[in-house]
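Throughout, a chain's letter reflects where its sequence line sits, starting with A, and its residues are numbered from 1.
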There are 2 protein chains.
Amino acid sequence: MSKCEQCIIRQFNSFKYLSKEELLRLSSCKTSKIIKKGETIFEEGDHLNGLFCIKDGVCKVSKMSENGRNQIIDLIQKGDIIGERSLVSDETSNLKAVALNDMEICFIPKEEIIRDLSKNPNFTMGVLKDLANNLKKADNVIVDMAQKTVKQRLAETLIKLKEKFDLNEDGIINIQLSREDIANIIGTATESAIRLLSDLKKKKIIEFKGKEIKILDIKGLEKIAHGF
Amino acid sequence: MSKCEQCIIRQFNSFKYLSKEELLRLSSCKTSKIIKKGETIFEEGDHLNGLFCIKDGVCKVSKMSENGRNQIIDLIQKGDIIGERSLVSDETSNLKAVALNDMEICFIPKEEIIRDLSKNPNFTMGVLKDLANNLKKADNVIVDMAQKTVKQRLAETLIKLKEKFDLNEDGIINIQLSREDIANIIGTATESAIRLLSDLKKKKIIEFKGKEIKILDIKGLEKIAHGF
DNA sequence: TTTAAAACATGATATTTATCAGGTTTTTAA
DNA sequence: TTAAAAACCTGATAAATATCATGTTTTAAA
């Protein structure tokens with residue numbers, strides 16, 4: 001099994017603040033796992049008791065609303081960490097995580113990380129920064145959800161997907177989402193998402209074949225997203 | 001000037017983890033301020049460089065959307081702390097805070113707190129817990145904003161206001177918000193908020209005279225909020 | 001390879017919500 | 001105290017969005 005110490009994803013998250021020794025210890029108690037596309041990493045109500053490090057693949061993090069609809073809160077990819085909240089709270093998870101493609105993840109038990117948290121101030125600050133940044137992003141999402149139209153949110157979502165997952169050699173956004181997933185990010189009905197995607201296609205702002213989406217007119221998209 | 005050490009609000013937040021000595025030091029570098037109703041504590045884009053401790057009064061924390069509408073993200077009251085994000089980030093504030101009534105607040109410079117953060121693990125964990133909890137709440141708000149109707153969100157908001165601010169001797173919710181503020185919490189047009197409040201009044205679920213709102217049928221309100 | 005299931009698409013319609021316009025009442029400041 | 005401003009309210013209407021219905025295409029599994 002590979003060692004945390006050599007793990008490339010370390011550079012993208014708070015683990016970069018840990019010493020060689022600390023990483024070696026984590027390495028010895030981590031569990032590595034392969035998750036197939038569509039499989040669940042954890043459910044709402046699960047006790048996490050540790051962190052998940054994403055080594056490869058993408059998952060959607062979502063929460064069921066009381067109306068019975070699923071809201072995707074975040075997409076998590078290589079280098080990201082989930083489960084940070086479990087470090088400081090004994091509550092069960094309020095979120096669910098499902099793989100969007102085949103994934104490779106590591107699980108590190110909470111107690112081991114807590115040990116580092118209390119001894120390595122740089123690491124703690126890293127985790128704090130992470131949480132603070134997530135909080136800022138969450139505030140922005142709240143404002144968008146509350147104040148923007150579905151059309152604006154779709155445009156915004158496409159821009160963010162492009163920035164987060166980049167484009168492949170053909171200019172296609174490097175993530176495959178179903179129309180339902182897109183609707184669940186935006187917070188709208190699947191039919192509405194489909195309709196608005198078709199509109200954007202008609203207006204030559206995007207182009208798509210199935211789940212492969214290409215942005216033709218990023219300026220146009222930004223204009224819609226920002227409401228001009 | 002009063003001392004942090006004796007400050008009652010300490011018990012409600014992470015400062016409870018600080019030692020007598022640490023509190024004495026904070027005391028000596030804090031600034032106390034009176035903020036009048038309607039005055040701004042800080043604006044979007046301001047450099048905070050420290051924490052605000054609310055000793056008395058209530059303020060609304062909001063963010064302008066690109067559509068030019070204001071979204072109230074949170075209401076902050078006695079015992080709460082704002083500006084935590086400034087501790088771990090040099091970015092300017094993404095939020096604005098305005099007093100809803102006369103307030104008494106203390107400002108503690110960032111550097112002083114950072115000093116404690118790096119030396120007192122209990123305090124750090126307290127701040128971490130705080131952020132994690134805020135993040136969880138933010139996720140819930142995102143889901144509500146994305147998936148619930150305006151009517152549901154209004155009902156939910158009234159319930160939360162009752163829980164957060166309690167009732168006075170006459171059963172009236174202990175916070176005075178303008179219709180516009182209520183609309184900006186829910187994320188809707190002021191007229192819509194007014195209309196839906198009137199509906200609830202007609203149905204004898206609430207009762208109000210101006211800004212004084214009384215809940216008559218909490219079960220009914222919950223039924224609406226949770227979508228049955 | 002075939003077939004069932006899932007995902008995608010679009011029209012018709014209903015519902016929700018925003019906007020505009022016009023009032024009344026309350027608050028604030030001169 | 002009074003005048004102006006702000007807040008509140010309601011109706012009419014328009015716009016946005018959800019829902020239902022139905023058909024097509026794609027995907028996955030037998």
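The pair A/Lys78-A/Glu104 does not count as a salt bridge, with every side-chain nitrogen at least 4.0 angstrom from each carboxylate oxygen. Salt-bridge formation is detected for the pair A/Lys164/A/Asp74: a Lys NZ or Arg NE/NH1/NH2 atom is positioned less than 4.0 Å from an Asp or Glu carboxylate oxygen.
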Protein-nucleic acid N or O pairs under 3.5 Å, nucleotides 3-5 of chain D:
none

Close N/O contacts between protein and nucleotides 23-30 of chain D (under 3.5 Å):
none

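The NZ atom of B/Lys223 lies 12.0 Å from the CG atom of B/Leu221; values are rounded to the nearest 0.5 Å. Distance check: B/Lys96 NZ to B/Cys59 SG gives 12.0 Å after rounding to the nearest 0.5 Å.
Between the axis at the start and the axis at the end of the helix from C/dT1-D/dA30 to C/dA30-D/dT1 there is an angle of 50°, using five pairs per end and rounding to 10 degrees.
Contacts of B/Arg153 with the nucleic acid, taken as non-hydrogen atoms under 4.0 Å apart, are absent.
Between A/Arg69 and D/dT19 there is a side-chain polar atom (N or O) within less than 4.0 angstrom of OP1 or OP2.
Of the candidate nucleotides D/dC9, C/dT16, D/dT17, D/dC9 has the atom nearest to the side chain of B/Phe208. In this structure, the nucleotide among C/dA9, D/dA7, C/dA7 sitting nearest to the side chain of A/Glu180 is C/dA7.
The main-chain N or O of B/Gly79 is found under 3.5 Å from a side-chain atom of B/Asn13 such that the two form a donor-acceptor pair. For B/Asp181 (side chain) and B/Asn184 (main-chain N/O), no donor-acceptor pair under 3.5 Å exists by modelled atom type.
If you check residues 182-203 of chain A against DNA chain C, the residues with a heavy atom closer than 4.0 Å are A/Glu191, A/Ile194, A/Arg195, A/Ser198, listed by number.
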Let me have the donor-acceptor pairs involving side chains of residues 188-212 of chain A, under 3.5 Å, with sequence neighbours excluded, atom names and distances please.
{"from": "A/Ser198", "atom 1": "OG", "to": "A/Ile194", "atom 2": "O", "distance (Å)": "3.1"}
{"from": "A/Lys201", "atom 1": "NZ", "to": "A/Phe208", "atom 2": "O", "distance (Å)": "3.1"}

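Residue A/Ser178 is the one, among A/Ser178 and A/Ala146, whose nearest nucleotide of DNA chain C lies closer to the 5' end (criterion: closest heavy atom).
Residue A/Lys129 places its NZ atom among 12 or fewer non-hydrogen atoms of other residues, nucleotides or ligands, all under 6.0 Å distant.
The side-chain hydrogen bond (donor to acceptor under 3.5 Å, both in side chains) test applied to A/Lys162 returns no partner, not counting sequence neighbours.
Using a 30° and 60° split on the angle between ring planes, A/Phe42 and A/Phe52 fall in the parallel class, below 30°.
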